[in-house]
2 protein chains.
Amino acid sequence: MVSIIVDYNSKIPIYKQIRNEIIHNIAEGNLQNGDELPSLRSLAGTLQINYHTVNKAYGLMLNDNIIKLFKNKRFVISIPDNDDKSMASIREYAERFIDYATVKGLTKKEIIDIVNNIADQNKVKSVKN
Amino acid sequence: MVSIIVDYNSKIPIYKQIRNEIIHNIAEGNLQNGDELPSLRSLAGTLQINYHTVNKAYGLMLNDNIIKLFKNKRFVISIPDNDDKSMASIREYAERFIDYATVKGLTKKEIIDIVNNIADQNKVKSVKN
DNA sequence: CATCTGTTATATAAATTATAGAATGTTATA
DNA sequence: TATAACATTCTATAATTTATATAACAGATG
């Protein structure tokens, strides 16, 4: 069940929220390689926003090797197997989270528990392909 | 060894970078409860930026219960023991990281390894106070 | 062909980010 | 007490980012 929810009053720009929501749907297994995304205009209509805002969100994911644009003008989830470029981003996300949790006094066990808890809700592979 | 490094060309605003750097220093154990932060003007001078920008960074941390202002004079690291409000933020950071890592095909073990790796560089408590 | 699609261009408006200066009041200290 | 150092508040400005709006264009689809 794919759902894209945006908070129009959030401090996070809408186009970033859209990207986050789609990534979350992929992580949960609701979207996977080969699945088509809604067209710019249709998603814009659903969310009641301008389609350039959707285009900006898709642009982020194009640049991040998460989706591709096919000749038939459809955006499709397409994540390459080896994407070394992304490791730096992953570590940055991780550091931001762990630094903050550490500062707030969480123990290592508590941090790992949170990770396990969230990962278990995702379609995380248990082994490599 | 406290170090605050900002990238003036980053897409991340300077005031957020300052906050991130200070949080990183606390997580690493280079700064701890009771330590004084540089004055607005002195840090602004060091970083060659306007002191209002530093003020905005400190404002984020005041709002986030990481520092306090003593007697209208000095900003001091001051992190309360129980701060339930922060748990939501911590989980948001965690979700962003784990979603992205999941999408990029990392296994649960690999994700935990990254967490362990980063946590070991921090002064993470092994047990609660 | 008519429609839907993404692309590109231009334009506008609001909000955010960053800098700047000045006035004010507090604290510390010499 | 006088001074310096400090944070606070206010106003102002400029650049950038965010979001919307409209239009024209070309490829794909039915």
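Protein chains get the first letters and strands the later ones, always in sequence-line order, with residue 1 at the start of each.
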- For A/Asp99 and B/Tyr93, does a side-chain donor sit closer than 3.5 Å to a side-chain acceptor? no
- Query: Any salt bridge between A/Arg19 and A/Asp64, counting N to O under 4.0 Å?
  - Reply: no
- Rounded distance (Å) that lies between atom C1' of D/dT20 and atom CD1 of A/Ile18: 13 Å
- Task: State which residues pass salt bridge (Lys or Arg N to Asp or Glu O under 4.0 Å) with A/Glu28; sequence neighbours excluded, sorted by chain then number.
- Result: none
Can you check nucleotides 11-14 of chain C for protein contacts, nitrogen or oxygen pairs under 3.5 Å, and list what you find?
none

Check: protein-nucleotides 26-29 of chain D nitrogen or oxygen pairs below 3.5 Å:
none

- Whole-Å distance between D/dT18 P and A/Asn9 CG? 17 Å
Distance-only criterion, 3.5 Å: show the donor-acceptor pairs between side-chain atoms of residues 55-62 of chain A and protein atoms not counting sequence neighbours.
unit_1  : atom_1 : unit_2  : atom_2 : d
A/Tyr58 : OH     : A/Pro38 : O      : 2.9

- Rounded distance (Å) that lies between atom P of D/dA5 and atom CD of B/Glu36: 16 Å
Using nucleotides 16-22 of chain C, report all nitrogen or oxygen pairs with the protein that are shorter than 3.5 Å.
unit_1 : atom_1 : unit_2  : atom_2 : d
C/dT17 : OP1    : B/Tyr15 : OH     : 3.2
C/dT17 : OP2    : B/Tyr15 : OH     : 2.7
C/dA18 : OP1    : B/Ile14 : N      : 2.8
C/dA18 : OP2    : B/Ile14 : N      : 3.3
C/dT19 : OP2    : B/Asn50 : N      : 3.4
C/dT19 : OP2    : B/Thr53 : OG1    : 2.5
C/dA20 : N7     : B/His52 : ND1    : 3.2
C/dG21 : O6     : B/His52 : NE2    : 2.6
C/dA22 : N6     : B/Tyr51 : OH     : 2.6

- Message: Please tell me whether A/Lys108 and B/Asn116 have a donor and an acceptor in their side chains that are separated by less than 3.5 angstrom.
- Response: yes
- Other residues, nucleotides, ligands: >12 heavy atoms within 6.0 Å of B/Arg96 CZ: no
- Whole-Å distance separating the CG atom of B/Leu69 from the P atom of D/dT9: 10 Å
- Check: A/Ser86/A/Ser89 side-chain N/O donor and acceptor closer than 3.5 Å: no
- side-chain hydrogen bond (donor to acceptor under 3.5 Å, both in side chains) filter on A/Asn50, not counting sequence neighbours, yields A/His52
- If pairing requires Watson-Crick or G-U wobble contacts with both distances under 3.5 Å, which nucleotide is the partner of C/dA30? D/dT1
